[in-house]
Q: 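I am attaching a structure below and will ask some questions about it afterwards.
Every chain is numbered from 1 and lettered A, B, ... according to where its sequence line falls, protein lines coming before strand lines. Bear in mind that the values here come from a model prediction, so they are computed numbers and not experimental data.
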Number of protein chains: 2
Amino acid sequence: MEHRSDLQEMPMRADARKNYEHLLAVARAVITEHGADASLRDIARKAEVGLATLYRHFPTRDALLEALLHATLAELTQKAGELESSSAPDEALVSWSREGVAFVKSFSGVVDLMAAAIADPESALHTSCVSLRSAGTRLLLRAQAEGMARADIDGTDLFALIGAVGWIGDQPSFARRAAHLFDIVASAILTNPSSNGIRER
Amino acid sequence: MEHRSDLQEMPMRADARKNYEHLLAVARAVITEHGADASLRDIARKAEVGLATLYRHFPTRDALLEALLHATLAELTQKAGELESSSAPDEALVSWSREGVAFVKSFSGVVDLMAAAIADPESALHTSCVSLRSAGTRLLLRAQAEGMARADIDGTDLFALIGAVGWIGDQPSFARRAAHLFDIVASAILTNPSSNGIRER
DNA sequence: ACCTGAACACCGTTCAAGT
DNA sequence: ACCTGAACACCGTTCAAGT
């Protein structure tokens, strides 16, 4: 959080900081309910703040989502490092990917933004997404080095597949199948799926 | 096409028919360029027709897309039947699925609408989507009966997976990987992937 | 330094009034 | 039977004017 003070080392004025914090809390509630493409106007209104104030703190929608999701995305990134030293390569890869899908599912509509952000260095979400992909790539490489994951995919492929299964979880008509379909996709990535949490057939 | 005369057996007045046809042609161009969530206002404007006229012919966005895609979707549905009698069960399933992904890719944003439509009997796209799913289900069942496809998925799972890989193809950042990732997902569905167009590793 | 109201250019949807 | 302009209630984005 405090993404602005990271860049410009000026502390926020008290009223600004209060608005910022409150805006973020309201945005979290509204976006949790209506998804990542919720109305920004609505957020400002519910926060009882001028619309231009929201724009001052978060110049783009991506900037707002970055502020909202930064902590969670960083946790997920860090989680990969932990799994790397605590679990078998294949198991680590699969359970981390599963958490990625769960994250996508928990913020409706965010997967489209992230897919766009990873290719757009201008997006406020870009670096978080790149870190996430790097974290996944390391897990993938470790599994590949042990011959536990197929060798013909890279970190971006993994990112895309997690996004795709996340997309399934984001569609009300398919959501309840997401866990099952995750297992199926995971079984395609692993060399020996049955040795893990994946029931192959 | 002519979705209205299917229901009410009244032929359209000449001016109406002309508007209808022209509107559809313009809509095809605009939606091809801007995706399924293109501005309806823009379509009416470019067709040089009152906005209410567009609504008269296509009361919802789904109705417009149904009129636009009906022929293509019907062809795809029919194609399944042809493959059923001309190809091996696994090969038929895979190449039909591949065409499904290609279709999704060719109309940006349509996959979200279809995922919603298949669960919503009120949607104008509903029956086309259901037919499509049925067609896929038959190919899947045939492959399963021969032991060529895993037994733990149904037609809706197949629909979701095709949609998910289609989603990948719809993201500019992932599009060029779609073909490769399709092969990977297909390999997860088939029992013996290497015997087909699928290079397994 | 920060906030705000208002303006601008868009949407989708509906409907009374026209021919 | 069909078409239309206009109205309504929304958007996102920007900016001059306030404190």
Q: Is there a side-chain polar atom (N or O) of B/Asn19 under 4.0 Å from OP1 or OP2 of D/dC3?
A: yes
Q: Can you check whether A/Asp90's main-chain N or O pairs, donor with acceptor, with A/Arg142's side chain at less than 3.5 Å?
A: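 No, A/Arg142 side chain to A/Asp90 backbone: no donor-acceptor pair under 3.5 Å.
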Q: Would you kindly give the CZ-to-C1' distance between A/Arg41 and C/dT4, to the nearest whole Å?
A: 13 Å
Q: Can you tell me how far C1' of C/dC2 sits from CG of A/Leu23, to the nearest Å?
A: 13 Å
Q: When both hydrogen-bonding distances must be under 3.5 Å and the geometry is Watson-Crick or G-U wobble, what is C/dG18 paired with, if anything?
A: D/dC2
Q: Of all heavy-atom pairs between B/Leu125 and B/Ala117, which one has the smallest distance, and what is that distance?
A: CB-CB, 3.7 Å
Q: Grab the CZ-P distance between B/Phe58 and D/dC2 for me, whole Å please.
A: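 Result: 13 Å.
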Q: Considering heavy-atom distances to DNA chain D, does A/Ser39 or B/Arg13 have its closest nucleotide positioned more toward the 5' end?
A: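 Counting from the 5' end, the first nearest nucleotide belongs to B/Arg13.
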Q: With rounding to the nearest 0.5 Å, note down the distance linking OG in A/Ser97 to CG in A/Leu139.
A: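 Rounded to the nearest 0.5 Å, the OG-CG separation comes to 7.5 Å.
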Q: Which is true for A/Ala38 with a 4.0 Å heavy-atom rule: it touches a base, it touches only sugar-phosphate, or it touches nothing?
A: sugar-phosphate
Q: Looking at D/dC3, I'd like to know if its phosphate oxygens (OP1 or OP2) sit under 4.0 Å from a side-chain N or O belonging to B/His57.
A: yes
Q: Can you tell me the pairing partner of D/dC8 across any strand shown, Watson-Crick or G-U wobble, with both distances under 3.5 angstrom?
A: C/dG12
Q: Using 30° and 60° as the class boundaries, would you call the ring planes of A/Tyr20 and A/His57 parallel, tilted or perpendicular?
A: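 Rings of A/Tyr20 and A/His57: perpendicular, over 60°.
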Q: Starting from the 5' end of DNA chain C, give me the residue, B/Thr60 or A/Gly50, whose nearest nucleotide shows up first.
A: A/Gly50
Q: Separation of B/His34 atom NE2 from C/dG12 atom P, in whole Å?
A: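 Between P of C/dG12 and NE2 of B/His34: 13 Å.
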Q: Can you tell me which nucleotide in D/dT13, C/dA1, C/dG12 comes closest to the side chain of B/Tyr55?
A: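 For B/Tyr55, the side-chain atoms sit closest to C/dG12.
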Q: Over all heavy atoms of both residues, which pair between A/Ile118 and A/Cys129 is shortest? Give the atoms and the distance, please.
A: CD1-O, 3.7 Å
Q: CG of B/Leu51 versus P of C/dG12: gap in Å, rounded?
A: 8 Å
Q: Scan A/Thr53 against the nucleic acid and name what it touches under 4.0 Å (heavy atoms): base, sugar-phosphate only, or nothing.
A: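 Counting heavy atoms under 4.0 Å across all strands, the contact made by A/Thr53 includes a base.
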Q: Could you tell me how far apart A/Leu54 (CG) and C/dG5 (P) are, to the nearest whole angstrom?
A: 14 Å
Q: Give me the one residue out of A/Asn19, A/Leu68, A/Ile43 that meets side chain to side chain contact (heavy atoms under 4.5 Å, CB included) with A/Leu24.
A: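 So, applying the side chain to side chain contact (heavy atoms under 4.5 Å, CB included) to A/Leu24 and each of A/Asn19, A/Leu68, A/Ile43, only A/Leu68 qualifies.
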Q: Kindly point out which of C/dC2, C/dG5, D/dT13 is positioned nearest to the side chain of A/Ala52?
A: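 Within the option list, the nearest is C/dG5.
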Q: If I take atom CG in residue B/Asp42 and atom P in nucleotide D/dC11, what distance separates them, rounded to the nearest angstrom?
A: 21 Å
Q: Contact class for A/Ala44 (heavy atom, under 4.0 Å): base, sugar-phosphate, or nothing?
A: nothing
Q: Round to the nearest Å and state the distance from B/Lys18 atom NZ to D/dC3 atom C1'.
A: 13 Å
Q: Indicate whether OP1 or OP2 belonging to C/dC11 is found under 4.0 Å from a side-chain N or O atom of B/Arg45.
A: yes
Q: When you get a sec, tell me which of D/dT13, C/dC3, D/dC11 is the closest nucleotide to the side chain of A/Arg56?
A: C/dC3
